[in-house]
4 protein chains.
Amino acid sequence: MAVTDRGPSGERVRKAAVKLFAAKGFHGTGIRDLATEAELSSASLYHYMGTKEQLLAGIMTECLGHLLTGARLAVAGVADPRERLGRLVVVHVIAHAVRPEETQVVDNEVRALSPETRRGVVELRDAYELLWAETIDEGVRAGAFHPGEPAVTRLALLEMCSGVARWYSPRGALSLEQLAGHYAELAMRALGCADSGPGPDLARCRAVVTRVWGAPDEVPSTGH
Amino acid sequence: MAVTDRGPSGERVRKAAVKLFAAKGFHGTGIRDLATEAELSSASLYHYMGTKEQLLAGIMTECLGHLLTGARLAVAGVADPRERLGRLVVVHVIAHAVRPEETQVVDNEVRALSPETRRGVVELRDAYELLWAETIDEGVRAGAFHPGEPAVTRLALLEMCSGVARWYSPRGALSLEQLAGHYAELAMRALGCADSGPGPDLARCRAVVTRVWGAPDEVPSTGH
Amino acid sequence: MAVTDRGPSGERVRKAAVKLFAAKGFHGTGIRDLATEAELSSASLYHYMGTKEQLLAGIMTECLGHLLTGARLAVAGVADPRERLGRLVVVHVIAHAVRPEETQVVDNEVRALSPETRRGVVELRDAYELLWAETIDEGVRAGAFHPGEPAVTRLALLEMCSGVARWYSPRGALSLEQLAGHYAELAMRALGCADSGPGPDLARCRAVVTRVWGAPDEVPSTGH
Amino acid sequence: MAVTDRGPSGERVRKAAVKLFAAKGFHGTGIRDLATEAELSSASLYHYMGTKEQLLAGIMTECLGHLLTGARLAVAGVADPRERLGRLVVVHVIAHAVRPEETQVVDNEVRALSPETRRGVVELRDAYELLWAETIDEGVRAGAFHPGEPAVTRLALLEMCSGVARWYSPRGALSLEQLAGHYAELAMRALGCADSGPGPDLARCRAVVTRVWGAPDEVPSTGH
DNA sequence: TATGAATGAGATTTCATTCAT
DNA sequence: AATGAATGAAATCTCATTCAT
């Protein structure tokens, strides 16, 4: 009965919710929209989700959990702040590029949660952003980064990278690796990093995202 | 009866809508919420707004109009692409910092518009972004900018600058001018602009924003 | 908007609720039943009642308030416990006979209230029953009553008198005064009151009930 | 599949229904409530009950059957109307005291039955009340009772005695026998019976109730 | 200018029930 | 014997909107 259930129908419910919440927003998506998309009656929906809000919370928690796990895996054992931050950027960008719906829901719908539910989600998000903040601080202390305002720069970078979810298309000119590499370069420039070195290990980051999220759903041939 | 009406009550309706649409989203805001916030009955609301959607469209059109006017005023007569782009960034950032509610509504609620209404709004937004695109192209042609991917960089910069509306507080450590100057610097770095020169004319840009939007409402002493 | 509002439609809503809650119970009465009975759309119902539960609570509070006021008026200034208790019985019986619907709702639907709402209703009911308990105690102390078990006898009498609401019909053989007088006599017998005296002032009690509740609605010619 | 089935689970269903129908009413009790209380899935419930209404009807029929059987057993062979009525009162009171849930369901939920189902239940109830009516009439004819209004007195006594189910607790001050004896005395007083004699055979009545209903469930140590 | 009254349509959620397994 | 999956119908309540005053 919980949102984490995974029968064939439960999976359809989750996918329908991710798609519609991303496209129309939580409040813009009705139960009947979900039911139609999931090919179930609206009453049957309630076997798989608790309430609509619990469904949203489940999606957000899972997505943030994946993001956090991915980021930690990607930087595990990496000491150089430039490589660490580069990997954070790359994982973030790739995740937002291959999972634009989940990540947009996380970015846009926090306000739709009730205060109690929101608390847990915000804690996860804060834990994730803390990884960025710590890494930037380390880079500053190590003399690698020279941002004017570390906190402002962190926020600016996060917004910039998250924005990818809103426009990136795998059918566009850029491959995922090119995109992520470009953003890593932008980040280094923003941090005033003169010698950004060879750039983060793109392949490893890509593998981490795939490990955490599973293979992306087959890319639909139209739309986006 | 039109959305452009401006009596004392009509103004309250507009402000209520901006505040609530920004805070809870268009679909998350009910007519009664608006009525309560505007201190009118919900029936009275309909003297000032047409439908709820027309109210939203009016807010977006006005805000985008201001943004467009401000940007054009700021760069009028400026030839140097670096100074032009710097001013675009500064106006954008200041506008998003002093009018976070209107600008967030513009950024988040386009999808809530019906297709017909959306067309006009999207045209305005495209016209605005065209200013950025043209300026970046000029800079590239002039050898001032060296972005890896001009289009990607433009999108990245816009997302980054718009994000300011989500977190900037006038009670924080940064003044508007510091903030805007910092973002202009980030933009130059992102564009690979080696010699960014003295930076854009912050005072002039600030004045333009004020001219276009009027003085910001007195900053409330608490909250955000 | 509150349940105490009294426009022509609001009055209809209240009457519909009293009738249907009495006949079918709170949970057995749907919003649409209420709307049909009140000759309004179900949406319009919500102009007059808050929620269905608030409507119920309003009915109960008003009825208990009337009962309490009536009882206090009837015994005001009366010293003799026999006359006092007789009047309590008579007022109770007449009230249950002329307002069988309200009183049955009070007697049967307390459990349908949420805990918070229930508290206030139960307090009123306890205040009312306290009048009976005090009067019986006084009579015992004065040597007028000789009940085996005062508390049990009080409960037994209350149940007995409240039962009137379930079966009394003004078209039956007994007039209100006969009925009430009979119950007063039963009560005296139950309390082991050898000399019950002339019996309580029936006319005064009848007048009190009328004063408190207003004239009973014209007795419908059929049904009950 | 029928309501009379009695496996271990079927018994749990019946008990759950009695408990919940008494506590929350028929319409206030959902199938899922029943399932939870009976520790079965809601689908499994349907192996033991027919429909929810048949479950209710079964409970009422059984309870009324027990009541009727008990009353007949108790008065079998007793000629004196005072002893007969005393026993009717005592059996009724004891039954309502030891089976408060079943008896409350019978008293409160008749209206929840469909007309067809209701007919049979009402017939049983009428047969039961006829025992009281006949006995009172006999007593009047024999000059033992002097009620003002026999029919009214009968109703008043029944309401009074049934009320026991709403408040009696085996953990209170009164034993079952004391309680029942007290009510028998109240009844004699109400009927104007000057010489009520030694009182009804309490032990025999208690035994009859136990025979008919089986031993009451072990009294839980808390609650009620 | 302003609003109380009113509503059809629709919101989310629960209802009692069935059925394949 | 037991249940997870499923659903049409209905529950309560809110929606945006209109209109007479």
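Residue numbering restarts at 1 for every chain, and letters A, B, ... go by the order of the sequence lines. When reading the values below, keep in mind they use all heavy atoms of this one structure, side chains included, and skip hydrogens, waters and symmetry mates.
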Between the protein and nucleotides 18-21 of chain E, which nitrogen or oxygen pairs are less than 3.5 angstrom apart?
none

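A distance of 7.0 Å separates CZ of C:Arg166 from CD of C:Gln104, quoted to the nearest 0.5 Å. The CE atom of D:Met60 sits 8.5 Å away from the CZ atom of D:Arg125 when rounded to the nearest 0.5 Å.
The CD atom of D:Glu39 sits 11 Å away from the P atom of F:dT3 (whole-angstrom rounding). Between A:His27 atom NE2 and F:dC15 atom P the separation is 11 Å, expressed in whole Å. Atoms CG (D:Asp33) and P (E:dA16) sit 8 Å apart, rounded to a whole Å. Across the protein-nucleic acid pair, B:Met49 atom CE and E:dA2 atom C1' stand 15 Å apart, rounded to whole Å. The distance between atom NZ of C:Lys24 and atom P of F:dA10, rounded to the nearest whole Å, is 13 Å. Regarding D:Leu34, its CG atom lies at a distance of 11 Å from the P atom of E:dC15, rounded to whole Å. Summarising the geometry, the separation between CD on B:Gln54 and C1' on F:dA16 is reported as 13 Å, rounded to the nearest angstrom. Atom-to-atom, CG of C:Leu45 to C1' of F:dT14 comes out at 13 Å; the value is rounded to the nearest Å.
Side-chain contact between C:Leu55 and C:Leu45 is absent, with no heavy atoms from C-beta onward closer than 4.5 Å. Annotation: side chain of A:Ile59 is not in contact with side chain of A:Glu101 (no heavy-atom distance under 4.5 Å). A:Glu109 has its side chain out of reach of A:Val121: every pair of non-hydrogen atoms, C-beta onward, lies at least 4.5 Å apart.
A salt bridge (charged side-chain N to carboxylate O under 4.0 Å, His left out) with C:Glu37 holds for exactly one of C:Lys19, C:Lys24, C:Arg32; it is C:Lys19.
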Secondary structure string for DNA chain E (Watson-Crick or G-U under 3.5 angstrom, | for other-strand pairs)
.||||||||||||||||||||
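In this structure, of E:dT7, E:dG4, F:dA16, it is F:dA16 that holds the atom nearest to the side chain of B:Ile31. In this structure, of F:dA1, E:dT17, F:dT17, it is F:dT17 that holds the atom nearest to the side chain of B:Lys52. For B:Leu40, counting side-chain heavy atoms from C-beta on, the closest listed nucleotide (F:dT3, E:dT3, E:dT1) is E:dT3.
Comparing D:Gly30 and A:Glu53, the nucleotide of DNA chain E nearest to each residue sits closer to the 5' end for A:Glu53.
Taking every heavy atom of both residues into account, B:Gly28 and B:Asp33 meet most closely at O-OD2, 4.0 Å.
Each side chain to side chain donor-acceptor pair (under 3.5 Å) pair with one or both residues in residues 112-121 of chain B, not counting sequence neighbours, appears once here: B:Glu53-B:Ser114, B:Glu53-B:Thr117, B:Ser114-B:Thr117.
For F:dA5, the OP1/OP2 oxygens have no side-chain nitrogen or oxygen of A:Ser9 closer than 4.0 Å. Contact annotation: A:Arg32 side-chain N/O to E:dA11 OP1/OP2 distance is under 4.0 Å.
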Run the side-chain contact (heavy atoms from CB on, under 4.5 Å) check on D:Lys52 and D:Phe26 step by step: do they pass?
CA-CA 9 Å; D:Lys52 194 183 156 197; D:Phe26 178 74; 3.6 Å; yes
